[in-house]
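We name chains A, B, ... by the order of the sequence lines, and we start the count at 1 in each one.
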Amino acid sequence: MPTFQAPRGTADRLPAEQKYWRYIEAHAADVARRFGYGRIDSPMFEDAGLFVRGVGEGTDIVEKEMYVFEDRGGDLLTLRAEGTAPVCRAYLQHGLHNGPQPVRLYYLCPVFRYERPQAGRFRQHHQFGVEAIGDPDPSVDAEVIELAWTLMHDIGLQDITLFTNSIGDANCRPEYIAALQSYYEKSAGHLCPDCRGRLERNPLRLLDCKVATCRALGEEAPKSVECLCADCQTHWDRVQSYLAAIGVPNRVDHRLVRGLDYYTRTVFEIQPAVEGAQSTICGGGRYDALMEQLGGRPTPGIGFGSGIERLALNLQRAAAPVPDEPSPRYLIATIGAGARVAGVGLAHRLRAAGVGAILANGGRALRGQMRQASALGVDAVLILGDDEVRDGTVAVRNMASSSQDVLPLEQFVRDAAGVSPS
RNA sequence: GCGAGCAUAGCCAAGAGGCCUAAGGCGCCUGUCUGUGGCACAGGAGAUCACGGGUUCGAAUCCCGUUGCUCGCCCCA
């Protein structure tokens, strides 16, 4: 065993798995562009209070999962525990309310939570997310959901389901929670120990308990969508009609609640069909009260986060076609010390012209250099020996067709630089 | 925070107390082929058997502890 290993719950991403990331990132950026979302990058760490205020004091993220540390100046900082609060902080800090609303933003960044790692769960993971801030209109809810759905579709995930729900707002949620509590109190004796605690601390979460007896109770529990106030009801109905209009299928799941305190009204998740824990690949919702929590003026917002590791995992499971990273176009093989100098020079000229070229391991016989070319998957090998150097030529061997031509070196460089680089 | 399983080379892995100076495969390197790849054949390099302690005449193998990994619960992306 090596002395040092990557810290628990973190992972090196080796070249072989980069293609999934490049693929997802490229599609995410393209979908964001088509929907008019601009990229935002926030710092990797923030004032610890930001997440306490934003995500909610009673949440697991804040209570036991944050990486908190004091820096040398005595400031209490937190590694980014979540994507939305920093974006909202930036919105307030830079007065983004002065532009046309909503402000449409997306991000792609690492997120840190101290958890026990398991399949699809890490201490450092990466999220693509979007936030549309400053517009309460239900069409924005539909837009954000459509964006998420489009991304899943574009990267090639087929068997996925979109779940939606509305959990009301400050007007109607207290009443709903009271109804929920009185319903569950009648059966308190049948609840699992965890749920007995939830009854007081976080009644909404009673609904998504996985214990069979609690599940059964949850089926019959009062539904939040049946307790909405008039405004929330209208909003919810419109979201549903817009989703229907753009053909995004969704299943209303009255047990869908989310673990972050800031959600209001619309909440949604996307899950793949394959069973398993940690399966949610996208989760989000509206957070109309968050800005006030962070000290800003009341400003509505909605967004989602999506875990890149989980997307990559699902792409691999589904054997979705993901293009390989391009190999360098040329490998330069040299024979002898004099040709080596010429090879170094040729590699330099090709690279300067924007063409991909690598020099073969020079200690090897030509055969070994050819093997290396095969293993690397280059298009062609450029062979330089004493004859070529003397004549000012280069032997160009096309690896796919096994054809080989000897060309004047200058002509070859000119032609190679002229075609599209790779 | 709770529970379960696993730990032998870069990767996969045989191994059930002495025949282990640790099989085999992939990958890597070399040669067969003095300047030509994919195939084949031959050879080579690469392992304090996770770490520490114990039992035993003898431990990769049995026991204990530690660490790490994996999976599940909780929670979340």
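Nucleotide C2(B) holds its C1' atom 14 Å from the CG atom of D60(A), rounded to whole Å. Rounding to whole angstrom units, CD of residue Q372(A) and C1' of C28(B) are separated by 11 Å. Put simply, CE on M370(A) is 15 Å from P on U34(B), counting in whole angstrom units. Atom CD in Q369(A) sits about 10 Å away from atom P in G35(B), given to the nearest Å. Following rounding to the nearest Å, F304(A) (CZ) and C76(B) (C1') show an atom-to-atom distance of 16 Å. Between E63(A) atom CD and G1(B) atom P there is a gap of 14 Å when expressed in whole angstrom units. Distance K64(A) NZ to C73(B) P: 15 Å, rounded to the nearest Å. As a whole-Å value, the separation of L14(A) CG from C11(B) C1' is 12 Å.
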Please report, to 0.1 Å, the donor-acceptor pairs under 3.5 Å made by any side chain of residues 41-52 of chain A, with sequence neighbours excluded.
from	atom 1	to	atom 2	distance (Å)
D41(A)	OD1	R39(A)	NE	3.0
D41(A)	OD1	R39(A)	NH2	3.1
D41(A)	OD2	R39(A)	NE	3.4
S42(A)	OG	R80(A)	NH1	3.0
E46(A)	OE1	R89(A)	NH1	2.9
E46(A)	OE2	R89(A)	NH1	2.5
D47(A)	OD1	G49(A)	N	2.9

N/O donor-acceptor pairs under 3.5 Å from side chains in residues 217-225 of chain A, not counting sequence neighbours:
from	atom 1	to	atom 2	distance (Å)
E219(A)	OE2	R255(A)	NH1	3.3
S224(A)	OG	S166(A)	O	2.6

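Listed pair R8(A) / C69(B) meets the phosphate criterion, a side-chain N or O lying under 4.0 Å from OP1 or OP2. For R205(A), a side-chain nitrogen or oxygen approaches OP1 or OP2 of C76(B) to under 4.0 Å. An OP1 or OP2 oxygen of G72(B) is reached within less than 4.0 angstrom by a side-chain nitrogen or oxygen of Q118(A).
Contacts of E143(A) classified as salt bridge (charged side-chain N to carboxylate O under 4.0 Å, His left out), with partners at least two apart in sequence or in another chain: R104(A). Residues that satisfy the side chain to side chain donor-acceptor pair (under 3.5 Å) test with E146(A), not counting sequence neighbours, are absent from this structure. Residues passing the ring-ring contact (aromatic ring centres under 6.0 Å, His included) test with Y262(A) are Y287(A), sequence neighbours excluded. Every residue meeting the side-chain contact (heavy atoms from CB on, under 4.5 Å) condition with E269(A), not counting sequence neighbours, appears here in chain and number order: L256(A), R258(A), Q271(A), T280(A).
Among the protein residues, I281(A) comes within range of the sugar-phosphate backbone only, with heavy atoms under 4.0 Å from sugar or phosphate atoms but none that close to a base. Residue F122(A) is classed as a base contact, given a heavy-atom separation below 4.0 Å to a base. Residue R113(A) is classed as a base contact, given a heavy-atom separation below 4.0 Å to a base. Using a 4.0 Å heavy-atom criterion, one finds that I383(A) contacts the bases of the nucleic acid, with or without backbone contacts as well. E65(A) comes within 4.0 angstrom of the backbone, heavy atoms only, and of no base.
Of all heavy-atom pairs between Y330(A) and A416(A), the closest is OH-CB, 4.1 Å. Between I177(A) and P203(A), the shortest heavy-atom contact is CG2-CG, 3.6 Å. Here the closest heavy-atom approach between residue D135(A) and residue R286(A) is recorded as O-NH2, 3.4 Å. Minimum heavy-atom separation, M66(A) to I61(A): CG-O, 3.0 Å.
Under the Watson-Crick or G-U wobble criterion, with both distances below 3.5 Å, G5(B) is paired with C69(B). As the counterpart of G27(B), no nucleotide is assigned, since no Watson-Crick or G-U wobble pattern has both distances under 3.5 Å. A 3.5 Å limit on both hydrogen-bonding distances identifies no Watson-Crick or G-U partner for A47(B). For C20(B), there is no paired base (Watson-Crick or G-U wobble, both distances below 3.5 Å). In this structure C62(B) sits in a base pair with G54(B), meeting the Watson-Crick or G-U test at under 3.5 Å. Using the Watson-Crick or G-U wobble rule with both distances under 3.5 Å, C39(B) pairs with nothing in any strand shown.
Sorted by first and then second residue, the side chain to side chain donor-acceptor pair (under 3.5 Å) pairs with a member in residues 52-63 of chain A read E63(A)-R201(A); sequence neighbours excluded. For residues 16-25 of chain A, the pairs satisfying side chain to side chain donor-acceptor pair (under 3.5 Å) are K19(A)-D324(A), R22(A)-E325(A), with sequence neighbours left out.
Taking a 4.0 Å limit (strictly below) on heavy-atom distances, residues 386-396 of chain A reaches RNA chain B at D386(A), D387(A), E388(A). RNA chain B lies under 4.0 Å from no heavy atom of any residue of residues 76-87 of chain A.
If you check U36(B), G72(B), G31(B) against the side chain of A119(A), the one that comes closest is G72(B). Set against G35(B), C28(B), U36(B), the side chain of A375(A) has C28(B) as its closest nucleotide.
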Show the distances under 3.5 angstrom between N or O atoms of the protein and N or O atoms of nucleotides 3-6 of chain B.
from	atom 1	to	atom 2	distance (Å)
G3(B)	O6	R116(A)	NH2	3.1

Could you list the protein-to-nucleotides 38-42 of chain B atom pairs, N/O on both sides, closer than 3.5 Å?
from	atom 1	to	atom 2	distance (Å)
G38(B)	O6	S402(A)	OG	2.7

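A donor-acceptor contact under 3.5 angstrom links the side-chain atoms of Q404(A) to the base of U36(B).
Between D253(A) and R251(A), none of the side-chain N atoms (NZ, or NE/NH1/NH2) sits under 4.0 Å from a carboxylate O, so this pair counts as no salt bridge.
No hydrogens or angles considered: nothing links the side chains of R123(A) and T10(A) as a donor-acceptor pair under 3.5 Å.
At a threshold of 4.5 Å between non-hydrogen side-chain atoms, the residues I281(A) and P272(A) count as touching.
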